[in-house]
Amino acid sequence: MATKEPKKRSVVATLVENKLTEREDDFTANITYVGRRSINDLCSIAAKQNGKYSASELYAAYDILKAQAKEEMYSGATVEFGLAYNALGVDGPLISRSAQFNRAVNSLVVRCTPLAELRPELDLIDVIINGVKDGLPTIGTLTDVGSKTVNQRITPGNTLNGKGDRVKIVGTEDNTVGFFFIDSTDETKIVPVPESVLSRNEPSNFSFIIPALADGTYYLEIATQYGGNSKTLLKDVRRSRFPYLLTVGDSGGGGGDDRPEIE
């Protein structure tokens with residue numbers, strides 16, 4: 001007899017000291033991700049498991065739906081697509097009753113609200129805390145010299161100054177280390193920061209020229225084998241992500257006063 005009970009799932013997380021607060025007993029939980037899944041990956045997996053449609057057919061249908069979803073959203077509709085409701089919003093001040101949209105201070109942004117059906121499903125997923133992970137490189141603040149903003153906007157071609165803990169970039173020949181910008185809408189799009197533009201590389205401070213990034217929002221990740229001792233490298237690369245979204249151009253968002261959630 002077939003069971004109607006929901007599929008049991010679980011994820012693993014490690015505790016990481018939260019360097020963005022002054023409390024020594026404040027931790028965040030970092031999910032241990034098992035991989036990155038692009039739309040192409042999802043279509044291939046679904047095709048193998050379902051068998052009714054090929055991966056190319058699924059991707060073609062997705063491409064058509066995506067284009068239609070964008071058209072509807074750009075026309076002012078709230079659109080259910082993927083795992084969220086998507087809608088346009090306006091950022092920036094509008095002073096007085098006769099105020100008009102001004103691209104010098106205002107920008108259109110996309111706001112996403114998770115589908116209501118996800119909440120009860122998330123409650124069914126077990127989270128297994130796998131101890132405390134010490135020694136992670138942690139970026140505390142980022143200052144963009146071009147826009148003079150902190151933890152918000154970044155300006156390609158200008159200098160980005162960072163402060164943190166264990167942020168010195170060092171590594172063995174066989175390992176990939178450095179700073180990486182990750183596109184927030186497609187995490188398969190990764191832009192590395194060339195070592196040649198890294199002008200300051202210290203345990204608590206760094207500076208580099210921001211690479212050519214298209215307008216959008218990005219996460220900054222750091223990967224290094226520095227563990228607090230310049231003479232001895234860690235055996236494995238330690239990687240972490242700065243929790244604030246960084247904005248290039250007029251894509252809105254970035255920054256905020258609430259305590260961030262480190263991914």
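For this chain, numbers begin at 1 and follow the sequence in order.
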Drop me the distance from L233's CG to K235's NZ, to the nearest 0.5 angstrom.
13.5 Å
Please give me the minimum heavy-atom distance between E117 and E121, naming the atom from each residue.
O-CG, 3.4 Å
Y53: which other cluster members, linking ILVMFWY side chains closer than 4.5 Å, directly or transitively?
L58
Are there over 12 heavy-atom neighbours, none belonging to I128, within less than 6.0 Å of that residue's CD1?
yes
Check each of T78, N86, D91 against R111 using the side-chain hydrogen bond (donor to acceptor under 3.5 Å, both in side chains) test, and report the only one that passes.
D91
Considering only heavy atoms from C-beta outward, does the side chain of L246 approach that of L142 to under 4.5 Å?
yes
Considering non-hydrogen atoms only, spot the tightest contact between V127 and A13 and give its length.
CG1-CB, 4.2 Å
Verdict with reasoning, K66 to E71, per salt bridge (Lys or Arg N to Asp or Glu O under 4.0 Å):
CA-CA 9 Å; K66 178 183 176 182; E71 184 64 29; over 6 Å; no
Separation between CG of D186 and OG of S38, rounded to the nearest 0.5 Å:
7.5 Å
Testing the 3.5 Å rule here: is there a donor-acceptor pair between the side chains of T172 and Q225?
yes
What donor-acceptor contacts under 3.5 angstrom involve side-chain atoms of residues 189-200, with partners at least two apart or in another chain?
unit_1: S199; atom_1: OG; unit_2: S207; atom_2: O; d: 3.4
unit_1: R200; atom_1: NE; unit_2: E202; atom_2: OE1; d: 3.2
unit_1: R200; atom_1: NE; unit_2: E202; atom_2: OE2; d: 3.2
unit_1: R200; atom_1: NH2; unit_2: E202; atom_2: OE1; d: 3.3

Side chains of D41 and S44: donor-acceptor distance under 3.5 Å anywhere?
no
Looking at F180, I'd like to know if the NZ or CZ of R239 sits under 6.0 Å from its six-membered ring centre while staying within 45 degrees of the ring's axis.
yes
Please round to the nearest 0.5 Å and tell me the distance separating atom NZ of K148 and atom OG1 of T155.
9.5 Å
Backbone N/O of T188 and side chain of D183: donor-acceptor pair under 3.5 Å:
no
Please answer whether the main-chain N or O of P203 pairs with a side-chain N or O of R166 as donor and acceptor at a distance below 3.5 Å.
no
Whether N201 side chain and I169 backbone form a donor-acceptor pair below 3.5 Å:
yes
Report the distance from atom CG of L42 to atom OH of Y59, rounding to the nearest 0.5 Å.
11.0 Å
So OG1 of T217 and CG of L245: to nearest 0.5 Å the spacing works out to 5.0 Å
Within the side chain of E57, is there an N or O that forms a donor-acceptor pair under 3.5 Å with the backbone of S54?
yes
Please lay out, stage by stage, how Y244 and Y219 fare under the test ring-ring contact (aromatic ring centres under 6.0 Å, His included).
CA-CA 7 Å; Y244 292 110; Y219 288 108; over 10 Å; no
Please verify the inter-ring angle class for F208 with F181; under 30° counts as parallel, over 60° as perpendicular, anything in between as tilted.
perpendicular
Atom of A223, atom of V237 and distance for their closest heavy-atom approach
CB-CG1, 3.7 Å
What residue pairs, at least two apart or across chains, pass ring-ring contact (aromatic ring centres under 6.0 Å, His included) with a residue in residues 69-96?
Y62-F81
Rounding to 0.5 Å, atoms CG (D144) and CD (Q152) come to a distance of 10.5 Å
Answer yes or no: is there a donor N or O on one side and an acceptor on the other, between the side chain of T224 and the main chain of K168, under 3.5 Å?
yes
